Engineer: 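Please read through the structure below; I'll follow up with questions.
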Amino acid sequence: MLVNALTGPSFEMWDSDEPVPRVELLKKVKGCDGILCVLTEKIDAQLLEAAGPNLKVVSTMSVGFDHLSLDELKKRGIRVGYTPDVLTDCVAELTVALLLATSRRLIEATHEAKTGGWGTWRTLWLCGHELANSTVGILGLGRIGVAIAERLKPFKVKKFIYTDVAPRPELANMIEAEYVSFDELAKQSDFLAVCCALTPETHGICNWNLFSKMKKNAIFINTSRGGVVNQEDLYEALSTGLIAGAGLDVTTPEPLPTHHPLFTLKNCVILPHIASASYTTRNAMSALAANNLLAGLRGEPMPKELKL
């Protein structure tokens with residue numbers, strides 16, 4: 001959505017679920033005062049130049065902001081709104097669902113039932129891995145990581161561990177999680193949930209160095225951003241039995257091409273970036289993004305502003 005206040009408030013909305021074509025977006029932003037965008041729009045130097053000096057506010061309907069060129073926005077004094085908190089519960093629920101689907105091989109089992117693979121009872125057929133008495137690792141402990149742990153605790157998880165750029169005792173105390181090094185997170189985790197933001201420091205951090213230290217029965221789950229994972233290394237780890245399985249809600253690129261090697265693996269469950277896809281959460285995100293935009297245009301404090 002674009003806002004232009006030159007001749008009184010006016011709004012222009014891209015009325016489609018498909019992303020607005022880049023050429024069209026660059027044409028439409030000229031002279032606008034505010035932009036409400038989603039993850040598919042790259043707000044970079046080219047777009048900001050096309051928009052011109054009137055642009056005061058960019059509000060993104062997302063908690064992630066790797067699609068925004070923060071340095072360029074800061075340089076131009078443009079305020080940024082985003083939508084944390086409102087999607088915490090929804091993302092945590094999906095993460096747990098993906099973890100269970102991967103570890104208990106539910107997608108494989110459904111396929112076997114549909115295609116005639118379900119025969120007589122077999123001792124080890126479609127056996128997976130339990131959460132009870134396990135160690136769950138969290139890479140990047142924030143609101144979502146805490147919410148995931150809170151939902152997993154009733155499964156009789158033995159221990160929660162985490163690593164981050166620094167210890168986060170206030171959050172860790174909520175789930176009785178122990179701070180460990182990156183290497184120890186890899187070595188100890190039976191289940192490893194990636195919840196960190198995509199930054200230059202975390203780009204590709206989940207690579208062969210991580211996978212080679214993990215247990216052979218470990219389950220790797222990523223619901224953060226695809227860019228934190230080296231997908232070639234993940235494929236090698238999964239296809240050679242270095243780790244037991246992976247569940248991904250995010251990939252690089254998105255959508256992941258259907259011929260990608262990860263789709264050939266039975267022990268890799270891939271979802272189409274739906275962690276926040278509930279009616280309640282998407283409605284809350286929309287309202288928060290709109291309120292951020294309006295507050296920014298009025299020069300008022302935003303409900304959720306990203307400090308640059």
Side-chain angles (χ1 to χ4, degrees), residues 17-19 38-40 61-64 66-67 83 86-115 126 128-129 131 136-140 142-145 147-149 151-152 155 189 191-198 202 204-206 211 218-235 237-239 243-285:
D17 270 348
E18 295 301 316
V38 295
L39 290 170
T40 51
M61 186 180 146
S62 65
V63 64
D66 48 286
H67 58 301
T83 60
V86 295
L87 47 65
T88 299
D89 289 334
C90 194
V91 173
E93 284 182 10
L94 188 282
T95 304
V96 172
L98 180 57
L99 185 154
L100 290 170
T102 305
S103 64
R104 296 302 301 272
R105 303 170 66 181
L106 300 188
I107 308 303
E108 278 186 81
T110 300
H111 176 75
E112 292 295 318
K114 283 181 178 179
T115 58
L126 288 173
H129 301 280
L131 277 159
V136 173
I138 300 171
L139 177 56
R143 292 175 296 268
I144 291 172
I148 291 168
R151 285 158 175 77
L152 290 178
F155 286 87
S189 297
F191 299 87
L192 178 53
V194 181
C195 307
C196 60
L198 178 59
T202 63
I205 194 172
C206 298
F211 302 132
I219 302 294
F220 176 83
I221 303 294
N222 184 21
T223 53
S224 59
R225 285 291 182 268
V228 304
V229 178
N230 181 311
Q231 291 176 172
E232 289 72 25
D233 288 355
L234 177 60
Y235 174 81
L238 291 168
S239 62
I243 62 174
L248 311 174
D249 183 50
V250 286
T251 60
T252 304
E254 292 185 356
L256 192 66
T258 55
H259 60 269
H260 194 280
L262 285 172
F263 279 122
T264 68
L265 301 175
K266 290 183 178 181
N267 58 344
C268 187
V269 177
I270 301 174
L271 303 180
H273 201 154
I274 57 167
S276 66
S278 78
Y279 293 113
T280 300
T281 293
R282 291 287 171 85
N283 286 337
M285 291 171 70

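Predicted, not measured: the structure shown is a model, and the values here were computed from it. What's counted below: heavy atoms across the whole structure, side chains too, no hydrogens, waters or symmetry copies.
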Engineer: Find the distance between CG (Leu39) and CD (Glu254) and round it off to the nearest 0.5 Å.
Structural biologist: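 Answer rounded to 0.5 Å: 8.0 Å.
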Engineer: With rounding to the nearest 0.5 angstrom, report the CG to CG distance, Leu99 to Leu152.
Structural biologist: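 Rounded to the nearest 0.5 Å, the CG-CG separation comes to 6.0 Å.
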Engineer: To the nearest 0.5 Å, what is the distance between OG1 (Thr223) and CG (Leu98)?
Structural biologist: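 The OG1 atom of Thr223 sits 7.5 Å away from the CG atom of Leu98.
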Engineer: Measure across Glu93 and Arg151 and return the closest heavy-atom pair with its distance rounded to 0.1 Å.
Structural biologist: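 For Glu93 and Arg151, the tightest heavy-atom pair comes out as CG-NE, 3.8 Å.
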Engineer: With rounding to the nearest 0.5 Å, note down the distance linking CD1 in Ile219 to OG in Ser189.
Structural biologist: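 One finds 12.0 Å between CD1 of Ile219 and OG of Ser189.
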Engineer: Just wondering, are more than 12 heavy atoms of other shown residues or ligands nearer than 6.0 Å to CZ in Arg104?
Structural biologist: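 Atom CZ in Arg104 is not crowded, with 12 or fewer foreign heavy atoms closer than 6.0 Å.
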Engineer: How long is the straight-line distance from OG1 of Thr95 back to CD1 of Ile144, given to the nearest 0.5 Å?
Structural biologist: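 Rounded to the nearest 0.5 Å, the CD1-OG1 separation comes out at 7.0 Å.
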Engineer: If every non-hydrogen atom of Cys268 is compared with every non-hydrogen atom of Leu248, which pair is closest and at what distance?
Structural biologist: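 Shortest heavy-atom separation between Cys268 and Leu248 comes out as SG-CD1, 4.2 Å.
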Engineer: Which atom names give the shortest non-hydrogen contact between Ile138 and Ala149, and what distance separates them?
Structural biologist: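 Closest pair (atom of Ile138, atom of Ala149, distance): CD1-CB, 4.1 Å.
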Engineer: Please report the shortest heavy-atom distance between Thr83 and Val63, naming the atom on each side.
Structural biologist: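 So the two residues come closest at OG1-N, 3.7 Å.
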Engineer: Would you sort out whether His111 and Lys266 count as a side-chain contact (heavy atoms from CB on, under 4.5 Å), showing the intermediate values?
Structural biologist: CA-CA 10 Å; His111 176 75; Lys266 290 183 178 181; over 6 Å; no
Engineer: For a quick test of reading the model, state the closest non-hydrogen atom pair linking Asn222 to Val229 and the distance between them.
Structural biologist: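 For Asn222 versus Val229, the nearest heavy atoms are ND2-CG2, 3.4 Å.
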Engineer: So do Ile148 and Val136 actually touch side chain to side chain, heavy atoms under 4.5 Å?
Structural biologist: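 In short, these two side chains do not touch, never coming nearer than 4.5 Å.
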Engineer: Measure across Gly247 and Thr102 and return the closest heavy-atom pair with its distance rounded to 0.1 Å.
Structural biologist: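 Here Gly247 and Thr102 meet closest at CA-OG1, 3.5 Å.
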Engineer: Is the closest side-chain heavy-atom distance between Leu238 and Leu262 below 4.5 Å?
Structural biologist: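 Contact flag for Leu238/Leu262 side chains = yes.
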Engineer: Could you pull out all residues at least two apart from Phe191 that satisfy ring pair (Phe, Tyr, Trp, His ring centres under 6.0 Å)?
Structural biologist: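 Residues passing ring pair (Phe, Tyr, Trp, His ring centres under 6.0 Å) with Phe191: none at all.
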